[in-house]
Asks: 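Structure below; questions to follow.
So that the names make sense, note that chain A is the first sequence line, chain B the second, and so on, each numbered from 1. As a basis for the values below, the full set of heavy atoms in this structure was taken, side chains included, without hydrogen atoms, waters or symmetry mates.
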Amino acid sequence: MQGTQTRYSQLFGKTLRNFPTDETSKNAKFLIKAGFINKRIAGVYEILPLGKRVVSKIENIVREEINAIGGQEVSMSVLQPKELWSETDRWEKLKGAMYQFKDSSGKDVGLGFTHEEPMISMVRERISSYKDLPIYLYQIQSKFRDEPRPRSGLIRGREFLMKDLYSFTTSKEELDKYYEIVAKAYKKAFDRMGLDTVYTEAAGGVFTNENTHEFQVLTDGGEDTIFHCENGDFSENKEIAKVKEGGKCPKDGGKIKESRGVEVGNIFRFGDVMSKKMNFNFKDKDGKDKPIFLGSYGLGITRSMATIVEVHSDDAGIIWPETVAPYKIHLINLGGEKVRKESDSIFDKLCNDQVEVLYDDREESAGVKLADADLIGLPERWVVSEKTLKEDSVEVKKRSEKDIRLEKISSI
RNA sequence: CGGGGAUUGGCGCAGUGGUAGCGCGCACGGUUCGGGACCGUGAGGUCGGCAGUUCGAAUCUGCCAUCCCCGACCA
């Protein structure tokens, strides 16, 4: 666990003077320039200390919401054997999309693309009675997908962090019920991290033939196209859409709009399809074997971080919602030794109060420090200078607002 | 996987045949101190890789790699 306060002079991952030229997406440009992430290869990014704090906050919000609906956290292996995936024929189906290779002994192995098979396998080994169901397991872990063309920074990568939840229930009714519960929990989690989502019907791809639902955040930086009602009660992904821009909403007759969106979450009902293929049953009250119903629910952690940046920023930089900001306060001292001493003691005070504060204690010009504060985008900027000290105050400015106010040092 | 563009110090760039330069950053000294300050000194690159043409290649040719964009794909 990282400390709640950091001196910027000690922080690894300082801001860059220029935007990276090999990125065009807003999220990648800002996150790299501001020192949150580092690009390794196409579609693969490393998370620096500032970014790690944001990721942790998003993870914790998601954890809280999933724990609240009965989820139990586990950690599955990333490295997986071919045999497991062959049980559902997905080893073949996912050729070219899943990283598959041979280990030194010639055995076929792959990197986790998703985790239905290993999850089922693990539960299959340990659950056999209706008394043990339902059960809800989730993890937060890196997923690997061999994207033919990664793009849009963290929105579409080849290695990314995802929260994946799996529900194991005894019937379709129970699955449907939980599906709705997850949908509500997702909505709440996204709300908490500052993302407005549109609940959108979509296709299941190689996951399932049944329709699924996506949580779409409307932004031009998105890669999906959705058709949705202006009243917000209806939305379909382009791939299955039966309506068109300007058409009428089948629910309330409202106007249909076409928008770009980022799919930050996606929920699936597998039903008993996988269970039948994998001989995944439970013993019911009547003593008979019945298939376990599976639901699968994904939520992109790093993709959410990127989407937050797409949605919450201005020309100067990121504007983090308070719930996911790496720190709450960006403390800056402008001026000589006297100012430094004062700001040092304000920093100490904030530390004692366990306030999350990033203290830019560098000997840099005002322009550099202020520009960096805008770029990094913490919710509040506190400036200490000769000017504010004359009033025994610090200047407080919210990143999202223009207003500046003076706060008496004695009241901190 | 098709089409297009790019690759030169940490970052951003210039250099179109004669043996590499600028800005920023970095290090040291000094002056500054409310919106990316200034002066001085200094470190740092065999120009993505391999092969070729040439007396001579960052520069020309071929192949390869990597990155970006458009499309296909998107589980």
Side-chain angles (χ1 to χ4, degrees), chain A residues 13-25 28-29 32-35 38-45 85 88-100 110-117 143-153 155-158 160 162 164 202-209 212 214 222-225 237-240 261-263 266 268 270 274 296 298 300 303 315-317 332-340 343 360 362-376 381-390 394-395 397 404 406:
Chain A
K14 302 273 200 298
T15 58
L16 305 178
R17 215 34 109 82
N18 306 309
F19 280 110
T21 49
D22 64 344
E23 298 280 2
T24 52
S25 68
K29 284 166 82 169
I32 290 172
K33 186 169 192 236
N38 185 55
K39 185 188 214 143
R40 185 80 278 156
I41 52 177
V44 179
Y45 297 84
W85 291 77
T88 56
D89 300 322
R90 283 166 121 196
W91 182 266
E92 281 299 320
K93 272 190 193 159
L94 289 173
K95 276 237 157 75
M98 180 178 182
Y99 284 98
Q100 303 176 337
L111 297 182
F113 176 93
T114 174
H115 278 78
E116 282 82 13
E117 283 82 350
K143 292 281 181 281
F144 294 83
R145 293 184 185 179
D146 193 353
E147 290 286 350
R149 189 185 155 210
R151 75 191 96 144
S152 305
I155 288 177
R156 190 175 167 85
R158 297 191 290 171
F160 53 92
M162 181 169 154
D164 43 325
V206 301
F207 283 111
T208 165
N209 290 327
T212 70
E214 299 173 338
E223 308 197 286
D224 292 352
T225 301
N237 193 300
K238 186 184 182 181
E239 54 192 10
I240 60 152
V262 179
E263 175 202 328
N266 200 180
F268 301 83
F270 279 97
M274 297 282 263
S296 174
R303 181 180 275 189
D315 290 345
I332 295 177
N333 63 327
L334 300 179
E337 202 48 39
K338 194 168 42 160
V339 175
R340 162 174 293 274
S343 57
D360 191 346
R362 293 174 300 171
E363 306 214 9
E364 283 286 354
S365 71
V368 170
K369 289 187 168 188
L370 296 171
D372 278 348
D374 288 344
L375 177 62
I376 292 170
R381 186 188 76 190
W382 288 25
V383 175
V384 183
S385 69
E386 303 258 4
K387 208 165 78 184
T388 68
L389 289 182
K390 267 183 205 152
V394 297
E395 171 197 294
K397 181 188 171 296
I404 288 174
L406 288 179

Asks: Reckon A:T21 has a side-chain N or O less than 4.0 Å from the OP1 or OP2 of B:G12?
Replies: yes
Asks: Is any side-chain N or O of A:K39 closer than 4.0 Å to OP1 or OP2 of B:C68?
Replies: yes
Asks: Tell me, which stems hold RNA chain B, with a stem being 3 or more Watson-Crick or G-U pairs in a row and both distances under 3.5 Å?
Replies: B:1-7 with B:65-71, B:10-13 with B:21-24, B:26-31 with B:37-42, B:48-52 with B:60-64
Asks: Please pick, from B:A75, B:G23, B:C69, the nucleotide with the shortest atom-to-atom distance to any side-chain atom of A:N18.
Replies: B:G23
Asks: May I ask you to evaluate whether A:R149 reaches the phosphate of B:C70, defined as a side-chain N or O under 4.0 Å from OP1 or OP2?
Replies: yes
Asks: Salt bridge or not for A:K387 and A:E395, using N-O below 4.0 Å?
Replies: no
Asks: Residues two or more places apart in sequence or in another chain: which of them pass ring pair (Phe, Tyr, Trp, His ring centres under 6.0 Å) with A:Y99?
Replies: none
Asks: Please give the distance between the P atoms of B:C69 and B:U31 as a whole number of Å.
Replies: 48 Å
Asks: With rounding to the closest Å, how many angstrom separate the C1' atoms on B:G23 and B:G9?
Replies: 13 Å
Asks: Given A:T88, which partner from the list A:K93, A:E116, A:M274 fulfils the side chain to side chain contact (heavy atoms under 4.5 Å, CB included) test?
Replies: A:M274
Asks: Quick check for you: among B:A75, B:C70, B:C68, whose closest atom lies nearest to any side-chain atom of A:T24?
Replies: B:C68
Asks: Taking the P atom in each of B:G2 and B:G10, what is the distance between them to the nearest angstrom?
Replies: 33 Å
Asks: Enter the distance from A:K143:NZ to A:H115:NE2 here, rounded to the nearest 0.5 Å.
Replies: 4.5 Å
Asks: Hey, is the main chain of A:D146 close enough, under 3.5 Å, to the side chain of A:R158 for a donor-acceptor pair?
Replies: no
Asks: Considering only nitrogen or oxygen atoms on both sides, find all protein atoms under 3.5 Å from nucleotides 34-37 of chain B and state each distance.
Replies:
| residue | atom | partner | partner atom | Å |
| --- | --- | --- | --- | --- |
| B:G34 | N7 | A:S385 | OG | 2.9 |
| B:G34 | O6 | A:S385 | OG | 2.3 |
| B:G34 | N1 | A:E395 | OE1 | 2.5 |
| B:G34 | N2 | A:E395 | OE1 | 2.7 |
| B:G34 | N2 | A:E395 | OE2 | 3.0 |
| B:G35 | O6 | A:R381 | NH1 | 2.6 |
| B:G35 | N1 | A:D374 | OD2 | 2.9 |
| B:G35 | N2 | A:D374 | OD2 | 2.6 |
| B:G36 | O2' | A:R17 | NH1 | 3.1 |
| B:G36 | O6 | A:K33 | NZ | 2.9 |
| B:G36 | N1 | A:D372 | OD1 | 3.4 |
| B:G36 | N2 | A:D372 | OD1 | 3.2 |
| B:A37 | OP1 | A:S365 | OG | 3.4 |
| B:A37 | OP2 | A:S365 | OG | 3.1 |

